[in-house]
Enquirer: 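My structure is below; once you've seen it, I'll send some questions.
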Amino acid sequence: MDRMRWLATGLCVAGAAGALWSLNWFAGQLYPEAKPGKLAYAPADAMPPRVDMAAVQRDWPASLLAPGEGNRLIAYRQDMQGKAPAPAAGAAGAAAAPQADLGTLLTGADANAGKAKAQLCLSCHDLNQGGPNRIGPNLWGVVGRPVATHAGFAYSPAMKEHGGNWSYESLFAFLASPARDVPGTKMSFAGLRRPEDRAAVIKYLATLGNGAPPPPAPKPAARSESAR
Ligand code: HEC
């Protein structure tokens, strides 16, 4: 009889342990534990946005039950949040953006923003009048200056072969990607990818020196394009 009681107690304990374990397992499935370096939940951005269905039914022209309509709505909402490029409405804007010519960019550029961006250049260039050459040549009055002519700086052969003056256009091309524009240049700088940043830096550089040449005029064609 005693042995039976022990057996029953043992079975009860084992059963309870098993039940607890499976409960724990289910809870783990429902509420995954946060692990360091790993998100317990997908970030909210990746989830479909929460939608007030009643308002949507009123506003959305086609029935949401029509095939593909739900996806179109989600894409539309992401457009509105600036998450995805607008495919249809963007056509006019996207076409105008690459056409923004240097003159237009320079007109809209802010020399103060350019000064802030030019901090990137200061590790190698001195910008002061009469300042020294550093890793790169002194850049006082560089806009309009003949290329590779600053006294006392040992330019690379590639830069010496460049020829011409540092015009707004040639600086704009050079600063986008120095190594691509002047293969073999000593200037190990990746470049300023955004045209607006380049225009701002050049506008700032043009304020240093004894009168830079006038900037190129904005192209009227580009303006009427974007106005369309
Ligand atoms: C890592 C250092 C480094 C950085 C950062 C750098 N430059 Fe240079 N730069 C150089 C060197 C070195 C040269 C000389 C290139 C050669 O001789 O091939 C040079 C040359 C130039 C020239 C040609 C000057 C001349 O007299 O012909 C211009 C213009 C110029 N840099 C502008 C800039 C601007 C603007 C920035 C910031 C956006 C910048 N650089 C950032 C190192 C640098």
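In each ligand, atom 1 is the first atom listed, and ligand 1 is the first ligand listed.
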Enquirer: Do any nitrogen or oxygen atoms of Trp166 come within less than 3.5 Å of a nitrogen or oxygen of ligand 1?
Expert: yes
Enquirer: Which of the numbered atoms in ligand 1 are under 4.0 angstrom from any heavy atom belonging to Leu120?
Expert: 5 (C)
Enquirer: Give, for atom NZ of Lys115 and atom CG of Leu122, the distance between the pair rounded to the nearest 0.5 Å.
Expert: 9.5 Å
Enquirer: About how many Å separate CG of Leu127 and CD of Gln119, when rounded to the nearest 0.5 Å?
Expert: 9.0 Å
Enquirer: Nearest protein heavy atom to atom 14 (C) of ligand 1, by residue and atom, and its distance?
Expert: Phe153 CE2, 3.6 Å
Enquirer: Do Leu105 and Arg198 have side chains that approach each other closer than 4.5 Å (heavy atoms only, starting at C-beta)?
Expert: no
Enquirer: Which protein heavy atom lies closest to atom 39 (C) of ligand 1, and at what distance to 0.1 Å?
Expert: Met187 CE, 3.2 Å
Enquirer: State whether the shortest distance between N or O atoms of Arg145 and N or O atoms of ligand 1 falls below 3.5 angstrom.
Expert: yes
Enquirer: Taking side chain as C-beta onward, heavy atoms only, is Phe153 less than 4.5 Å from Lys186?
Expert: yes
Enquirer: Among all the protein's non-hydrogen atoms, which is closest to atom 38 (C) of ligand 1, and how far away is it?
Expert: Cys121 SG, 2.7 Å
Enquirer: Touching ligand 1 at all, Ala148? Heavy atoms, strictly under 4.0 Å?
Expert: yes
Enquirer: For atom 29 (C) of ligand 1, what's the nearest protein heavy-atom neighbour? Residue, atom name and distance, please.
Expert: Leu171 CD2, 3.5 Å
Enquirer: What I want to know is whether Ser188 and ligand 1 share at least one N or O pair that is separated by under 3.5 angstrom.
Expert: no
Enquirer: Begin with the C-alpha distance, continue with both residues' side-chain angles, and end with the deciding distance and a verdict on side-chain contact (heavy atoms from CB on, under 4.5 Å) for His162 and Thr185.
Expert: CA-CA 10 Å; His162 187 288; Thr185 179; over 6 Å; no
Enquirer: At what distance is the nearest protein heavy atom to atom 32 (C) of ligand 1, and which residue and atom is it?
Expert: Leu139 CD1, 3.5 Å
Enquirer: How many angstroms lie between atom CG of Leu205 and atom OG1 of Thr207, to the nearest 0.5 angstrom?
Expert: 7.5 Å
Enquirer: At what distance is the nearest protein heavy atom to atom 26 (O) of ligand 1, and which residue and atom is it?
Expert: Tyr155 OH, 2.5 Å
Enquirer: Quick one: nearest non-hydrogen protein atom to atom 3 (C) of ligand 1, plus distance?
Expert: Cys124 SG, 2.7 Å
Enquirer: What I want to know is whether His125 and ligand 1 share at least one N or O pair that is separated by under 3.5 angstrom.
Expert: yes
Enquirer: With side-chain contact (heavy atoms from CB on, under 4.5 Å) as the criterion, how do Val143 and Trp166 come out once you've worked through the C-alpha distance, each side chain's angles and the decisive distance to 0.1 Å?
Expert: CA-CA 5 Å; Val143 181; Trp166 282 120; 6.0 Å; no
Enquirer: Checking side chain to side chain contact (heavy atoms under 4.5 Å, CB included) between Met187 and each of Ile135, Val182, Leu175, which is the one that passes?
Expert: Leu175
Enquirer: For ligand 1, is there an atom lying under 4.0 Å from some heavy atom of Pro137?
Expert: yes
Enquirer: With atoms numbered from 1 as shown, which atoms in ligand 1 lie under 4.0 angstrom from a non-hydrogen atom of Leu175?
Expert: 32 (C), 33 (C), 34 (C), 35 (C)
Enquirer: Pair Leu192, Leu120 - check side-chain contact (heavy atoms from CB on, under 4.5 Å), show working.
Expert: CA-CA 10 Å; Leu192 299 167; Leu120 292 171; 3.8 Å; yes
Enquirer: Got the closest protein heavy atom to atom 17 (O) of ligand 1, with its distance?
Expert: Ser156 N, 2.9 Å
Enquirer: Atoms of ligand 1 less than 4.0 Å from Thr185 heavy atoms?
Expert: 15 (C), 16 (C), 18 (O)
Enquirer: Report the distance from atom CG of Leu7 to atom CG of Asp2, rounding to the nearest 0.5 Å.
Expert: 12.0 Å
Enquirer: Any non-hydrogen side-chain atom of Tyr155 less than 4.5 Å from a side-chain atom of His150?
Expert: yes
